[in-house]
There are 2 protein chains.
Amino acid sequence: MQHETRARDTKGDIHRAALDLFSTRGYEKTSLREIAEQVGITKASLYYHYSSKQDLLQAIIGTFFDDMRAVFDQVDDQPWSPERERELLGAYLDVVINHRSTGPTILRDIAAVLAAFGDQLDDLIEQSRRFQVWLAGPDPKPSDRILAAAAVEVVGAVFSAGLDQSEVPDEEFRTILLDAATAVLARRQHHR
Amino acid sequence: MQHETRARDTKGDIHRAALDLFSTRGYEKTSLREIAEQVGITKASLYYHYSSKQDLLQAIIGTFFDDMRAVFDQVDDQPWSPERERELLGAYLDVVINHRSTGPTILRDIAAVLAAFGDQLDDLIEQSRRFQVWLAGPDPKPSDRILAAAAVEVVGAVFSAGLDQSEVPDEEFRTILLDAATAVLARRQHHR
DNA sequence: GTCTATAAGGTGATAGAC
DNA sequence: GTCTATCACCTTATAGAC
């Protein structure tokens, strides 16, 4: 618990400035000079906190991936149940919403993200697949698998809708998409 | 109309073999020798039909992108209506289903796809965004935009479900996902 | 018209003083 | 922790030879 209250959180400021610029201007087109300028420090000071531009990208997107992993890990802890299903789906949705600003960066600069996370990405995709299978419920038919996949996809609308926090608050986003994903999952019965 | 009926469609055979190998083994890990072997021709003959490995990738994925564009273009032709909505959504779904085998290749080898299509991809993303806005209906609220985005995302389950044609026939896929996407869009009224 | 040479300015990154 | 100064590199643009 160092720095319980600190006068200035430079590292955090850099993180936020970079996230802002990366998501609006793109990773490649954002220079470290611009980031430093926005924070009010020099480029060299920035390097004291982050060892490279890629390190900064890793700090931004890495936390997103970590949070996703944390949700996926819960799949193994408890067996499937209707309550757990909605709970985990909601937790997953929360993670995506919490990182909604990083979405555009990931989508726009896949190449850079691949360069920074190439190896870790395979694990994440595999875990995501396990989550999707779990969501299909016990003893799933192929149609259940499809609907589970569709429900997971629905969450991706956080990114693809192209609306920012000023237009739609997090709470509204959460309600709409959790209900939509639930409606998709509910269709499993129609095909039983 | 050359070659109305031909004894052997070598170029098509190469296309199919490459699609098969790319989607199972991955683009990078598939050698042109393997493709030629599967077709039953030499590597030199393969180069007669396709000038490079990237040219082959372009032939495979290019048709997918062309078909998507054809659907998106219809957005400008006619105004929105409930009937057109389901029609276009179905057409989009058909395109994705028709190219479901190429999905894994695109997802797995984004880097290669980016290298081959980098510039064209921006246009496609922009057109996809326009399609999504059109799907939100006339005078859309933000919540309508979200649900439209979610409906489009649902179609992506064709790829992410990880089921192949032998497990789920195209027709079943189409029915399940078109109904699911429609169910998502139907929720627009709930937030009016 | 096309090609090489060179200049100008911005980039990510490092060294060393304070 | 932050700064100034500086590095090597790359892109862009212009100049002038052919």
Side-chain angles (χ1 to χ4, degrees), chain A residues 1-69 95-96 98-125 159 162 164-165, chain B residues 27-28 47 51-55 57-58 61-62 65 106-129:
Chain A
M1 272 314 166
Q2 296 175 318
H3 304 292
E4 180 73 23
T5 58
R6 62 186 109 188
R8 180 123 185 256
D9 176 21
T10 306
K11 190 160 186 173
D13 289 343
I14 295 171
H15 187 117
R16 280 181 284 275
L19 172 55
D20 176 35
L21 289 167
F22 285 170
S23 59
T24 55
R25 218 160 305 191
Y27 176 75
E28 311 272 2
K29 290 185 176 176
T30 302
S31 71
L32 294 178
R33 186 188 52 75
E34 288 175 300
I35 299 172
E37 209 166 65
Q38 180 153 326
V39 177
I41 58 172
T42 64
K43 216 168 43 165
S45 300
L46 194 156
Y47 269 98
Y48 174 79
H49 297 280
Y50 295 96
S51 61
S52 69
K53 190 181 184 183
Q54 186 168 298
D55 186 32
L56 193 45
L57 179 69
Q58 203 136 6
I60 290 173
I61 298 181
T63 59
F64 179 38
F65 288 170
D66 289 344
D67 288 350
M68 288 184 74
R69 245 187 300 272
V95 168
V96 175
N98 279 337
H99 294 272
R100 56 192 281 197
S101 333
T102 70
T105 300
I106 296 177
L107 294 178
R108 194 204 308 236
D109 301 294
I110 315 178
V113 173
L114 274 172
F117 291 93
D119 45 343
Q120 306 172 45
L121 227 51
D122 289 341
D123 294 0
L124 200 66
I125 289 170
F159 293 155
D164 66 27
Q165 212 141 359
Chain B
Y27 176 73
E28 311 274 1
Y47 269 102
S51 60
S52 68
K53 190 179 181 183
Q54 186 169 300
D55 186 33
L57 180 68
Q58 202 134 6
I61 298 181
F65 288 171
I106 296 178
L107 294 178
R108 193 203 310 236
D109 301 293
I110 314 177
V113 173
L114 275 172
F117 292 92
D119 45 343
Q120 305 173 45
L121 227 51
D122 288 342
D123 294 359
L124 199 65
I125 289 171
E126 169 59 21
Q127 276 196 295
S128 160
R129 209 191 55 81

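Just so you know, these numbers use all the heavy atoms, side chains as well, and skip hydrogens, waters and symmetry mates. A note on names: the letters A, B, ... follow the listed sequences, proteins ahead of strands, and every chain is numbered from 1. Just so we're clear, the structure is a prediction, and the values are computed from it rather than from any experiment.
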[X] [atom1] to [N] [atom2], straight-line distance once rounded to whole Å:
| X | N | atom1 | atom2 | result |
| --- | --- | --- | --- | --- |
| A/K53 | C/dT14 | NZ | C1' | 18 Å |
| A/L46 | C/dT14 | CG | P | 13 Å |
| A/Y47 | C/dT14 | OH | C1' | 9 Å |
| A/K43 | C/dG16 | NZ | C1' | 17 Å |
| A/H49 | C/dT14 | NE2 | P | 16 Å |
| A/Y50 | D/dT2 | OH | P | 12 Å |
| A/R33 | D/dC9 | CZ | P | 22 Å |
| A/I41 | D/dT4 | CD1 | C1' | 15 Å |

Please work out which of the three classes, parallel, tilted or perpendicular, describes the rings of A/F64 and A/H99, given edges at 30° and 60°.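 The arrangement is tilted - the two ring planes meet at 30° to 60°.
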Classify the nucleic acid contact of A/T42 as base, sugar-phosphate or nothing, counting any heavy atom under 4.0 Å across all strands shown.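 Base contact.
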With respect to the side chain of [X], which nucleotide from [options] is positioned closest?
| X | options | answer |
| --- | --- | --- |
| A/S45 | C/dT11, C/dA13, D/dT2 | D/dT2 |
| A/Y48 | D/dT4, D/dG1, C/dG12 | D/dG1 |
| A/T10 | C/dT11, D/dA5, D/dT2 | D/dT2 |

Between CG on residue A/D123 and CZ on residue A/R69, distance to nearest 0.5 Å: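 Going from the CG atom of A/D123 to the CZ atom of A/R69 covers 7.5 Å.
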Using atom types as modelled and distance alone, determine if a side-chain donor or acceptor of A/T105 lies under 3.5 Å from a backbone N or O of A/S23.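 At least one qualifying donor-acceptor pair exists.
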Considering all heavy atoms, the nearest A/Q58-A/Q120 contact: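 Smallest heavy-atom distance, with atoms named: NE2-NE2, 3.6 Å.
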